[in-house]
Engineer: 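Can you read through this structure? Questions will come right after.
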2 protein chains.
Amino acid sequence: MTTRSGHSSALDWPDVAALLRRRNLRLTPQRRAVVAALSEFEGHVTATQLVERCTARDPHFVPSTVYRTLDLLQDLGLITHIHDADGHEEFQPAQEAPHAHLICRACGATREISGDELGDFVGQIHRRHHFDVDVSHLAIFGRCEVCGQS
Amino acid sequence: MTTRSGHSSALDWPDVAALLRRRNLRLTPQRRAVVAALSEFEGHVTATQLVERCTARDPHFVPSTVYRTLDLLQDLGLITHIHDADGHEEFQPAQEAPHAHLICRACGATREISGDELGDFVGQIHRRHHFDVDVSHLAIFGRCEVCGQS
DNA sequence: ATAGATGCAAAACCTTTGCAATCGC
DNA sequence: GCGATTGCAAAGGTTTTGCATCTAT
């Protein structure tokens, strides 16, 4: 559940290479670029954001490569995705501690809350509905403190 | 919070006409058709589903009319939408009792849970994060009873 | 009559796909 | 060298938009 190396928030670099090799897949400059961009945003990134950043750095970079790489990284279990307020995919490193998101409908601000905080909630849903909540994919919409009054 | 007329699940027909009139907007056959389709599906409908049904009945019906009508109905506060597992919008009558959705990642089954059940959860989030949870838009992903074991 | 709605067609947007050329292993 | 991967270009699907025409009121 925890990463072996020191830093935890970004993608674990060595693991990517290892997992690729194990599957006879290749570590190309483009894949490096996507992983790099992914860890720069450190948190929740849109495919579009990744495309922008990658093409900004290398004009030859094409969107399809980003999408294919994201699919691959998901297959490898290195990233996951949730859907933001507009229904667009947001990607994030999979090895982050489980957490959910509070998303303000008014200003769009997002805030993380730890999975632990949701323990009671998860337990209750399981007890009453026999349903295992996937906390990492929980997007909770509403109004934040700032926008609450207006 | 409750509807005045008897049946509760479908869109409240008279209200639509009243709200439209109040804004000097018009009750066209197309809008009737969208509302009708909306209440037939009774629950969560995709824009695409509505487009299909409406065009099936009237070949002249165009998608843009459905989208424009859905926007309008949301403005009027008659419907709301959430995002399904694929990030696509699903519309539903707004006057339904507040409820959230349990969505199984494995089989796609959705199940409603009443807003009341989430009272503690909502309260806790509010207390700790000063965030007002919009229960009706809460999509809870995970694994249902059936798929949980596999 | 007149403001509001529709139909149509085009565009915008994001994502996927087929295929030849390329490049990591 | 072989097979995976890329770039390109085209297609896909959904949603939006402008505008002339039409219609509910």
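Chain identifiers are assigned alphabetically (A, B, ...) following the order of the sequence lines, protein sequences preceding nucleic acid strands; residue numbering begins at 1 within each chain. Note that the structure is a prediction, hence the values are computed from the model and not measured.
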Engineer: Quick one, give me the B/S/- string for nucleotides 7-16 of chain D, reading 5' to 3', where B means a protein heavy atom under 4.0 Å from the base and S means that only happens at the primed atoms, P, OP1 or OP2.
Structural biologist: BB-----SSB
Engineer: Per the end-axis method with five pairs at each terminus, what is the bend angle of the helix from C:dA1-D:dT25 to C:dC25-D:dG1, to 10°?
Structural biologist: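 The value is 30°.
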Engineer: Going 5' to 3' along DNA chain C, which nucleotides are the first and last within contact of chain A (any atom under 4.0 Å from a heavy atom)?
Structural biologist: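 In short, chain A contacts DNA chain C from C:dC14 to C:dC25.
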Engineer: Determine whether A:L19 and A:R23 satisfy the following criterion, side-chain contact (heavy atoms from CB on, under 4.5 Å), listing intermediate values before the conclusion.
Structural biologist: CA-CA 7 Å; A:L19 286 170; A:R23 289 212 201 178; over 6 Å; no
Engineer: The criterion is salt bridge (Lys or Arg N to Asp or Glu O under 4.0 Å); which residues satisfy it with A:R127, sequence neighbours excluded?
Structural biologist: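 Scan of A:R127 (salt bridge (Lys or Arg N to Asp or Glu O under 4.0 Å), adjacent residues dropped) gives none.
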Engineer: Does A:L138 sit in a hydrophobic cluster with other residues, and if so which ones, taking ILVMFWY side chains as linked at heavy-atom separations under 4.5 Å, directly or through other members?
Structural biologist: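 Noted: A:L138 shares its cluster with A:L102, A:I113, A:L118, A:F121, A:V122, A:I125, A:F131, A:V133, A:V135, A:I140, B:L102, B:I113, B:L118, B:F121, B:V122, B:I125, B:F131, B:V133, B:V135, B:L138, B:I140.
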Engineer: Mind checking side-chain hydrogen bond (donor to acceptor under 3.5 Å, both in side chains) for A:H83 and listing every partner two or more places apart, or none if nothing turns up?
Structural biologist: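 None.
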Engineer: Apart from A:I82 itself, what residues make up its hydrophobic cluster when side-chain heavy atoms of I, L, V, M, F, W and Y under 4.5 Å apart count as a link, directly or indirectly?
Structural biologist: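 ILVMFWY cluster around A:I82 holds nothing else.
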Engineer: Using salt bridge (Lys or Arg N to Asp or Glu O under 4.0 Å) as the criterion, list what pairs up with A:R57, not counting sequence neighbours.
Structural biologist: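 Partners of A:R57 by the salt bridge (Lys or Arg N to Asp or Glu O under 4.0 Å) criterion, ordered by chain and then number, come out as A:E40.
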Engineer: Among A:Q49, A:H101, A:E90, A:E89, find the residue that satisfies the side chain to side chain donor-acceptor pair (under 3.5 Å) test when tested with A:H44.
Structural biologist: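 In the set A:Q49, A:H101, A:E90, A:E89, the residue that makes a side chain to side chain donor-acceptor pair (under 3.5 Å) with A:H44 is A:H101.
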Engineer: With sequence neighbours left out, what residues match B:H126 under side-chain hydrogen bond (donor to acceptor under 3.5 Å, both in side chains)?
Structural biologist: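 Testing B:H126 for side-chain hydrogen bond (donor to acceptor under 3.5 Å, both in side chains), a comparison that skips the adjacent residues, returns B:D132.
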Engineer: Among residues 19-28 of chain B, which ones have heavy-atom contacts with DNA chain C below 4.0 Å?
Structural biologist: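 Hits under 4.0 Å, by residue number: B:N24, B:L25, B:R26, B:T28.
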Engineer: Measure from the side-chain N and O atoms of A:E117 to the backbone N and O of B:Q124, and report whether any donor-acceptor pair falls under 3.5 Å.
Structural biologist: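 Not confirmed, A:E117 side chain does not pair with B:Q124 backbone.
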Engineer: Side chains of B:F41 and B:T46: does their closest heavy-atom pair fall under 4.5 Å?
Structural biologist: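 Not touching, per the 4.5 Å side-chain cut-off.
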Engineer: Identify every side-chain donor-acceptor pair in residues 66-78 of chain A under 3.5 Å, counting partners at least two apart or on other chains, and give the distances.
Structural biologist:
residue, atom, partner, partner atom, Å
A:R68, NH2, A:S64, OG, 3.3
A:T69, OG1, A:T65, O, 2.7
A:Q74, OE1, A:H81, ND1, 2.6

Engineer: By salt bridge (Lys or Arg N to Asp or Glu O under 4.0 Å), which residues pair with A:R22, not counting sequence neighbours?
Structural biologist: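 Expected list: none.
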